[in-house]
Chemist: 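Here it is: the structure, laid out below.
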Amino acid sequence: MSSAAAPDQPPRPVRFGILGCASIARKLARAMLLAPGAAVAAVGSRSEEKARLFAADNGLDDATTRLHGTYEALLDDPDVDVVYLPLPTSLHVRWATAAAARGKHLLLEKPTALCAADLDAILAACDAAGVQFMDSTMWMHHPRTAKMRDLVDDKDAIGDIKAVNSVFGFRANEHFLQNDIRVKPDLDALGALGDVGWYCILAILWAVDYELPKTVIALRDPVKNRSGVLLACGATLYWADGKTATFSCSFLTNLTMDITLVGTNGTLHVTDFVIPCEEKSAEFSVASKSNFAPLHIGWDPLPSKHVVTTDLPQEALMVQELARLVQNIRDAGGKPEGKWPAITRKTQVVLDAVKASIDKGSEPVEIAN
């Protein structure tokens, strides 16, 4: 049951307020316009003029979108159901807890916090207010991800996962490396680990059905800028049953977004897991029960290619899913869905362990389950 509306009436749209006009907010504003059941009710910035420019640049109707010249004014707007918060990570605790305290559901950009203790403060505020929390990891909502999940869970096709590898990097230009918030220690101190490493860590956890590793060891010699912010790093994760996973993330390499899962019966590859190469079509490949062809001149059977199409981009599907959850709470007396905050917290816990290992010169760091 998703709404208390009459059967012949669609449920009231879930009204989003955008708190801060970061560049990623442009993509989410478009998603909110595309997603069924969602609407942009308000934009808040540190000046009303900046909010007005953002609304005009992103096709938001100035007759229906309220513009606020302070963050507090947006949080106090009674017509906002959900706050989307793309502010720098260092500001997340302050504004996310303030949003929850005002009864606003929360869509929080990743990395969600600088450490698990900060995230716990945000999640506690959401719990106390009975509001839905979701982080904005968009690929989790693509139908390809659900299709891959079905195959990973197919013991005949893939078997038991033994190794996972993930890479996410892009080649940042000099302006980015000097000026972007993701290289500033006072704004996004986690750097590449928080920005692109978040995706790798979550992909690994997704592959092993969110079983936390036992030990994390950071790869040696991470690259840092003059301020000590990570520009490239990685780690190896170890599980008690012998599974391993490795990831690397970077602001200094060609655009790469790979996951490889290796099981006892099969291997799954995806080469664009964060942002599909094409918006409406996404691929992955599976090699199952692979062997050498006669004379070792090929493979038998050949890997299979899977193509998954979607009418809506993954960020709009994310907004649609959050709107559905909020409608269930707002209109039908439902409870917040606990799956999303649980996945976020596990990702943050592993990220913390990687950061701790980096800070200790690549010493092993244990994770308590």
Side-chain angles (χ1 to χ4, degrees), residues 89 92-93 96 108-124 126-127 133-135 137 139-140 145 149 152-153 160-168 188-222 224 228-230 232-250 258-263 273-274 338-369:
T89 311
H92 283 189
V93 174
L108 186 60
E109 265 304 331
K110 34 57 51 193
T112 50
L114 294 173
C115 62
D118 284 358
L119 177 62
D120 285 344
I122 294 169
L123 297 181
C126 291
D127 281 345
F133 173 94
M134 183 184 283
D135 76 49
T137 310
W139 74 271
M140 295 288 288
T145 305
R149 173 88 270 152
V152 173
D153 291 343
D160 298 323
I161 300 295
K162 293 296 183 182
V164 185
N165 186 50
S166 183
V167 180
F168 184 14
D188 268 299
L190 296 170
L193 176 61
D195 185 45
V196 284
W198 175 276
Y199 291 98
C200 298
I201 291 167
L202 178 49
I204 290 167
L205 290 172
W206 172 86
V208 300
D209 204 18
Y210 307 105
E211 180 190 351
L212 285 171
K214 183 173 181 285
T215 310
V216 169
I217 304 176
L219 303 183
R220 291 185 146 195
D221 301 320
K224 299 180 181 180
V229 176
L230 291 160
C233 63
T236 302
L237 287 55
Y238 301 86
W239 282 260
D241 65 359
K243 286 193 297 290
T244 61
T246 301
F247 78 88
S248 60
C249 59
S250 179
D258 288 0
I259 316 172
T260 302
L261 281 65
V262 185
F273 80 98
V274 179
K339 173 179 80 168
W340 296 111
I343 290 171
T344 302
R345 191 177 189 282
K346 287 188 174 186
T347 307
Q348 187 78 49
V349 164
V350 175
L351 190 150
D352 283 11
V354 174
K355 181 67 166 57
S357 182
I358 290 170
D359 291 344
K360 294 176 180 179
S362 298
E363 285 186 15
V365 171
E366 303 294 317
I367 294 179
N369 274 292

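Note that the coordinates shown come from a computational prediction; the quantities given were computed from them, not determined experimentally.
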Chemist: If you take all heavy atoms of Trp239 and Thr244, which pair is closest and at what distance?
Modeler: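 So the minimum-distance heavy-atom pair works out to CZ3-C, 3.9 Å.
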Chemist: Would you name the heavy atoms of Ala189 and Leu114 that are closest together and state the gap between them?
Modeler: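 Here Ala189 and Leu114 meet closest at N-CD2, 4.1 Å.
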Chemist: Among Asp195, Thr344, Thr347, which residue satisfies the side-chain hydrogen bond (donor to acceptor under 3.5 Å, both in side chains) criterion with Lys110?
Modeler: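 Going through the options one by one, the only one that passes is Asp195.
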Chemist: Just by modelled atom types, is the Trp206 backbone N or O under 3.5 Å from a matching donor or acceptor in the Arg149 side chain?
Modeler: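 Yes; at least one donor-acceptor contact below 3.5 Å.
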Chemist: Determine, stepwise, if the pair Phe133 / Ile122 fulfils side-chain contact (heavy atoms from CB on, under 4.5 Å).
Modeler: CA-CA 9 Å; Phe133 173 94; Ile122 294 169; 4.0 Å; yes
Chemist: Hey, mind stepping through Leu193 and Val354 against side-chain contact (heavy atoms from CB on, under 4.5 Å) and telling me if it holds?
Modeler: CA-CA 9 Å; Leu193 176 61; Val354 174; 3.9 Å; yes
Chemist: Hydrogens and angles aside, do Asn165 and Thr260 bring a side-chain donor and acceptor to less than 3.5 Å of each other?
Modeler: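 Judged by distance alone, the side chains do not pair up.
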Chemist: Is there a donor-acceptor contact under 3.5 Å from the side chain of Asp188 to the main chain of Thr89?
Modeler: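 Side chain of Asp188 to backbone of Thr89: a pair is present.
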Chemist: Does a donor on one side chain and an acceptor on the other come within less than 3.5 Å for Thr137 and Trp198?
Modeler: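 Side chains of Thr137 and Trp198: pair found under 3.5 Å.
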Chemist: List the atom of Asp352, the atom of Ala116, and the distance in Å for their closest heavy-atom pair.
Modeler: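 For Asp352 versus Ala116, the nearest heavy atoms are OD2-N, 2.7 Å.
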Chemist: Not counting sequence neighbours, list each pair that qualifies as a ring-ring contact (aromatic ring centres under 6.0 Å, His included) and has a residue in residues 340-366.
Modeler: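 Pairs touching residues 340-366 that pass the test: His141-Trp340.
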Chemist: Let me know which of Ile217, Leu205, Val216 forms a side-chain contact (heavy atoms from CB on, under 4.5 Å) with Leu237.
Modeler: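 By the side-chain contact (heavy atoms from CB on, under 4.5 Å) criterion, Leu237 pairs with just one of Ile217, Leu205, Val216: Val216.
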Chemist: Just distance, no hydrogens or angles: give the donor-acceptor pairs under 3.5 Å from side chains in residues 208-215, sequence neighbours left out.
Modeler:
unit_1	atom_1	unit_2	atom_2	d
Glu211	OE1	Lys243	NZ	2.9
Thr215	OG1	Glu366	OE1	3.2
Thr215	OG1	Glu366	OE2	3.2

Chemist: Any chance the side chains of Ser357 and Glu363 put a donor and an acceptor closer than 3.5 Å?
Modeler: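 No, no side-chain donor-acceptor contact under 3.5 Å.
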